[in-house]
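The structure appears below as structure tokens.
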Amino acid sequence: AQSVTQPDIHITVSEGASLELRCNYSYGATPYLFWYVQSPGQGLQLLLKYFSGDTLVQGIKGFEAEFKRSQSSFNLRKPSVHWSDAAEYFCAVGAEEYGNKLVFGAGTILRVKS
Amino acid sequence: NAGVTQTPKFQVLKTGQSMTLQCAQDMNHEYMSWYRQDPGMGLRLIHYSVGAGITDQGEVPNGYNVSRSTTEDFPLRLLSAAPSQTSVYFCASSFNTGGADTQYFGPGTRLTVL
């Protein structure tokens, strides 16, 4: 069965520091990869997605992610974190062989300290 | 566009009661889905629909029913509420199937079952 792993439940970074959130998945074929962000009490918003092509994708709010097929990873990065980035981040994966249903990781809660 | 709307925002039920969570979208999306969000478990798919008149089960369908009589609406019914159904419920829609397209999420319904 497909699975998505986000190894870090909580991450705390200082404002202005760089950020990397990890995501690993288990699939046989090239999946569709997403990162969503959820602010407290809100629904989820798409940050970025990868379907094919350039393995480094740019998203909103200055985020980027890199697809590494050899490592089955799709890590999210930001060079300089702002206090408003504090939220919960979800990696999600879809694949045609699983009916194109989206599977989410458990999420990583980001705290930003000033 | 209102996007994806959900009602109610909060609900408290007693064990054994039934209720319907409402979801509507005005983007003419064919694909709609319901997720539940529990701490440390990310979002799990309950039911989904690929178009009016067509529904299917997701990962955690037990205790829930859905129907899709129109493109716009996708209500979720709890038949006999149980404490294990205490959760935050999100409705989502997309133009294409859920794993291969951007999902647009509603603001969520926070349900407590006593």
Side-chain angles (χ1 to χ4, degrees), chain A residues 1-10 21-52 57 59-60 65 74 87-109, chain B residues 2-10 21 23-25 27 29-51 54-61 66 87-110:
Chain A
Q2 68 235 68
S3 67
V4 181
T5 302
Q6 293 181 246
D8 304 305
I9 299 174
H10 296 96
L21 302 183
R22 295 180 291 165
C23 174
N24 293 93
Y25 61 89
S26 64
Y27 278 84
T30 301
Y32 304 113
L33 301 163
F34 304 82
W35 275 99
Y36 285 88
V37 59
Q38 183 182 32
S39 298
Q42 304 295 316
L44 279 72
Q45 179 186 21
L46 180 73
L47 279 177
L48 47 78
K49 61 187 178 185
Y50 172 80
F51 286 2
S52 64
V57 294
I60 62 172
F74 189 56
E88 189 163 15
Y89 293 80
F90 292 94
C91 181
V93 183
E96 290 184 9
E97 62 262 42
Y98 294 111
N100 280 322
K101 294 188 283 288
L102 203 58
V103 176
F104 284 83
T108 297
I109 296 172
Chain B
V4 180
T5 58
Q6 291 183 238
T7 57
K9 290 188 178 181
F10 301 94
L21 307 184
C23 174
Q25 54 90 10
M27 297 174 282
H29 285 167
E30 290 295 327
Y31 188 94
M32 296 186 72
S33 52
W34 276 101
Y35 296 89
R36 59 177 290 172
Q37 182 181 25
D38 302 293
M41 303 186 74
L43 279 75
R44 292 179 292 168
L45 183 64
I46 304 172
H47 285 285
Y48 66 98
S49 169
V50 298
I54 307 169
T55 64
D56 205 347
Q57 295 181 351
E59 180 185 357
V60 288
V66 292
S87 186
V88 181
Y89 291 84
F90 288 99
C91 179
S93 73
S94 60
F95 183 74
N96 212 330
T97 54
D101 198 0
T102 300
Q103 295 277 292
Y104 293 85
F105 285 85
T109 296
R110 185 173 295 273

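What you see below is based on every heavy atom in this structure, not just the backbone, and it leaves out hydrogens, waters and symmetry mates. What you see is a predicted model; the values in this text were computed from it and never measured. Chain letters run A, B, ... following the sequence lines, proteins first and then strands; every chain starts at 1.
For A/L44, the parts lying near chain B are the backbone and the side chain together; criterion is any non-hydrogen pair under 4.5 Å. With a 4.5 Å cut-off on non-hydrogen atoms, B/L43 touches chain A through its backbone and its side chain both. Interface residue A/Q38: only side-chain heavy atoms are found under 4.5 Å from chain B. Contacts of A/E88 with chain B are made by side-chain atoms alone, with heavy-atom separations under 4.5 Å and no backbone atom involved.
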*Full working for side-chain contact (heavy atoms from CB on, under 4.5 Å) between B/Q103 and A/Y36*: CA-CA 9 Å; B/Q103 295 277 292; A/Y36 285 88; 3.3 Å; yes

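By the 6.0 Å contact criterion, CD1 on A/I9 is open, its count of non-hydrogen atoms from other residues, nucleotides or ligands being 12 or less. Around CZ of A/F51, the count of heavy atoms belonging to other residues, nucleotides or ligands within 6.0 Å exceeds 12. Enclosure of atom CZ in B/R44 by more than 12 non-hydrogen atoms of other residues, nucleotides or ligands within 6.0 angstrom is indicated.
Closest non-hydrogen pair, A/F90 versus B/Q37, comes out as CZ-NE2, 3.2 Å. Closest heavy-atom contact between A/F34 and B/T102: CE2-N, 4.2 Å. Residues B/Y48 and A/K101 come closest through the heavy atom pair CE2-CD, 3.3 Å. The two residues B/G40 and A/A106 make their nearest non-hydrogen contact at O-CB, 3.3 Å. Taking every heavy atom of both residues into account, A/L102 and B/Y35 meet most closely at CB-OH, 3.6 Å.
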